[in-house]
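These numbers were taken from a predicted model, which means no experiment stands behind them. Numbers here are sequence positions counted from 1.
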Amino acid sequence: KQWPLAAKIVACESGWNPNAIGKDSNNYYSRGLWQLNDQYHFDKWKRHGWRWNNPIHNTKMAVLLYRDAGNSWSPWSCYYRVTGAGIGRG
C-alpha cells in the first residue's frame with residue numbers, strides 16, 4: 001500500500017539515481033535514492049555497515065526512518081511535494 005507513494009518520493013528526491021548527492025544550507029550532504037542526510041544519519045550508516053550508494057542499503061535505512069517517524073514518509077520534503085500535505089496551513 002505504501003510503495004506507490006514511496007516510489008513517487010524516490011523519484012522526487014533523487015530521480016532514481018543511487019549516486020545522487022545533494023547539499024543543504026548547512027553544508028551537509030544528502031545521499032542516495034532517498035537523499036538521507038549525513039548530519040542525522042552518518043552514525044547509523046557506520047553502525048549497520050551500510051553503503052549510502054547501495055540502493056538496498058539506502059532503502060533499508062529509509063524504512064528504519066519511516067518506522068521511527070511512526071510509519072510516515074513525513075521526514076522527506078518530497079512527501080509534501082508529491083502529496084500536497086500541509087498546503088494551506090500556517
Side-chain angles (χ1 to χ4, degrees):
K1 182 177 174 179
Q2 291 296 317
W3 290 114
L5 177 55
K8 290 178 183 178
I9 292 169
V10 169
C12 174
E13 290 284 346
S14 68
W16 289 98
N17 178 358
N19 295 306
I21 299 175
K23 193 173 188 181
D24 69 17
S25 60
N26 295 316
N27 289 323
Y28 286 99
Y29 292 95
S30 294
R31 302 171 187 266
L33 289 177
W34 290 91
Q35 289 295 282
L36 303 173
N37 192 283
D38 289 346
Q39 179 180 7
Y40 303 107
H41 310 301
F42 183 77
D43 290 340
K44 292 176 188 168
W45 289 115
K46 287 180 70 174
R47 186 176 340 125
H48 291 288
W50 291 342
R51 294 174 47 96
W52 65 266
N53 62 343
N54 178 311
I56 293 170
H57 295 172
N58 201 267
T59 300
K60 284 181 176 184
M61 180 71 80
V63 169
L64 290 176
L65 300 175
Y66 168 85
R67 289 181 180 152
D68 286 348
N71 294 331
S72 172
W73 298 115
S74 63
W76 286 268
S77 60
C78 279
Y79 166 77
Y80 300 96
R81 288 187 209 138
V82 301
T83 65
I87 292 176
R89 293 184 183 176

Does Ile21, at its CD1 atom, have more than 12 non-hydrogen atoms belonging to other residues, nucleotides or ligands within less than 6.0 Å? yes

Considering all heavy atoms of both residues, which atom of Pro18 and which atom of Trp52 are nearest to each other, and what is their separation? O-CZ3, 3.6 Å

With rounding to the nearest 0.5 angstrom, report the NE2 to CG distance, His57 to Leu33. 12.5 Å

Gap separating the CZ atom of Arg31 from the CG atom of Asp38, nearest 0.5 angstrom: 4.0 Å

Donor + acceptor pair across side chains of Trp34, Ser14 (<3.5 Å): no

Shared hydrophobic cluster, Leu65 / Tyr28 (ILVMFWY, side-chain heavy atoms < 4.5 Å): no

In this structure, would Tyr40 and Trp76 fall into the same cluster of hydrophobic residues linked by side-chain contacts under 4.5 Å? no

Closest non-hydrogen atom pair, Asp24 against Asn26: OD1-N, 2.9 Å

From Cys12 SG over to Tyr80 OH, what is the distance, rounded to the nearest 0.5 angstrom? 13.0 Å

One should read off an interatomic distance between Cys78 SG and Gln35 CD, to the nearest 0.5 angstrom, of 8.5 Å

Any link between Trp16 and Ile9 through a network of hydrophobic side chains (Ile, Leu, Val, Met, Phe, Trp, Tyr) touching at under 4.5 Å? yes

Taking it one step at a time, do Leu5 and Tyr79 satisfy side chain to side chain contact (heavy atoms under 4.5 Å, CB included)? CA-CA 8 Å; Leu5 177 55; Tyr79 166 77; 4.1 Å; yes

Interatomic distance, Phe42 atom CZ to Asn37 atom CG [nearest 0.5 angstrom]: 12.0 Å

Quick one, Leu36 with Lys44, criterion side chain to side chain contact (heavy atoms under 4.5 Å, CB included). Give me CA distance, side-chain angles, the key distance, then yes/no. CA-CA 11 Å; Leu36 303 173; Lys44 292 176 188 168; over 6 Å; no

Are Trp50 and Ile56 grouped together when hydrophobic residues (ILVMFWY) are joined by side-chain heavy atoms under 4.5 angstrom apart? no

Supply the atom-to-atom distance Met61 CE to Asn58 CG, rounded to the nearest 0.5 angstrom. 8.0 Å

